[in-house]
Amino acid sequence: MSNRIFTYGEACRALEAVRTKTLAASERLETLRAQAGQLGPGQADKLSEWMDAVVQKWTADILALGALPKGLFTVDFDSGKGFFFCWTLNEPLLEHFHRYEEGFDQRQPLPEAEKQDAPPVLN
């Protein structure tokens, strides 16, 4: 599947669905992790399978939106201009980017010029 190209505004609009799916997956993983101390012998493998299933579903959901999962609960939106808009869990807005050849560690604040087509902020 080829990834979708997003304007900044399109990525911001898609972010709500990304955030909803990411929060749900994160909460499910936390629930499963909390159960780890209550496991009996041989149940750890089953818990690991369930956790893997949560991550795989989240990955599929993000890909279905046209975005790119890049590590656990980090999502890139391809700008088509040599860089990705970059978001990770618990960030309120889409405010970072990194070039195609770079990763999360090299991300930087998004220049205001790239936010020109952002949706209006509603109070």
Side-chain angles (χ1 to χ4, degrees):
M1 172 182 176
S2 64
N3 53 305
R4 176 179 165 194
I5 301 298
F6 289 86
T7 64
Y8 179 73
E10 291 168 339
C12 288
R13 287 185 288 278
L15 184 59
E16 189 56 37
V18 166
R19 184 187 338 271
T20 298
K21 291 176 183 307
T22 302
L23 285 172
S26 175
E27 289 169 5
R28 181 70 180 132
L29 282 183
E30 284 304 312
T31 299
L32 290 169
R33 284 185 188 117
Q35 295 172 357
Q38 305 163 10
L39 295 176
Q43 291 181 313
D45 287 344
K46 192 51 127 172
L47 180 65
S48 180
E49 287 176 26
W50 293 336
M51 292 175 81
D52 287 347
V54 169
V55 173
Q56 288 173 8
K57 170 133 180 35
W58 173 78
T59 298
D61 288 346
I62 298 306
L63 288 169
L65 294 170
L68 301 167
K70 297 290 181 115
L72 188 58
F73 305 144
T74 297
V75 177
D76 284 349
F77 300 87
D78 191 346
S79 71
K81 299 188 262 183
F83 66 90
F84 295 107
F85 301 111
C86 181
W87 177 86
T88 195
L89 180 63
N90 295 326
E91 290 183 342
L93 300 170
L94 186 59
E95 297 187 312
H96 294 89
F97 81 100
H98 63 83
R99 301 194 189 297
Y100 289 163
E101 64 276 3
E102 298 172 337
F104 185 86
D105 291 342
Q106 290 84 35
R107 72 187 196 138
Q108 302 171 37
L110 193 61
E112 289 301 316
E114 287 298 329
K115 300 180 184 179
Q116 291 177 354
D117 70 339
V121 175
L122 304 176
N123 294 327

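With salt bridges taken as basic N to acidic carboxylate O contacts below 4.0 Å, one links Lys46 and Glu49.
Contact between Ile5 and Ser79 at its shortest, heavy atoms only, is CG2-O, 3.5 Å. Taking all atoms of both residues into account, the shortest heavy-atom contact from Gly66 to Phe6 is O-CE1, 3.3 Å. Closest of all the heavy-atom pairs between Leu65 and Ala17 is CD1-CB, 4.0 Å. Pro109 approaches Phe97 most closely through the heavy-atom pair O-CE2, 3.4 Å. Between Asp78 and Phe83, the closest heavy-atom pair is OD1-O, 4.0 Å. The minimum heavy-atom distance linking Thr7 with Glu10 is given by the pair N-OE1, 2.9 Å.
Considering only residues two or more places apart in sequence or on other chains, His96 meets the ring-ring contact (aromatic ring centres under 6.0 Å, His included) condition with none of them. Considering only residues two or more places apart in sequence or on other chains, Lys21 meets the salt bridge (Lys or Arg N to Asp or Glu O under 4.0 Å) condition with none of them. Legend: residues meeting salt bridge (Lys or Arg N to Asp or Glu O under 4.0 Å) with Arg33, ordered by chain and number and at least two apart, are Glu30.
The salt bridge (charged side-chain N to carboxylate O under 4.0 Å, His left out) pairs that include a residue from residues 86-101 are Glu91-Arg107, where partners are two or more places apart or lie in different chains. Applying the ring pair (Phe, Tyr, Trp, His ring centres under 6.0 Å) test to every pair with at least one member in residues 36-65, sequence neighbours left out, gives these pairs: Trp58-Phe73. Within the structure, the ring pair (Phe, Tyr, Trp, His ring centres under 6.0 Å) test picks out no pair touching residues 28-49 (sequence neighbours left out).
Here Cys12 contributes atom SG and Leu93 contributes atom CG; the two are 7.5 Å apart, rounded to the nearest 0.5 Å. The distance from atom OH of Tyr100 to atom NZ of Lys81, rounded to the nearest 0.5 Å, is 10.0 Å.
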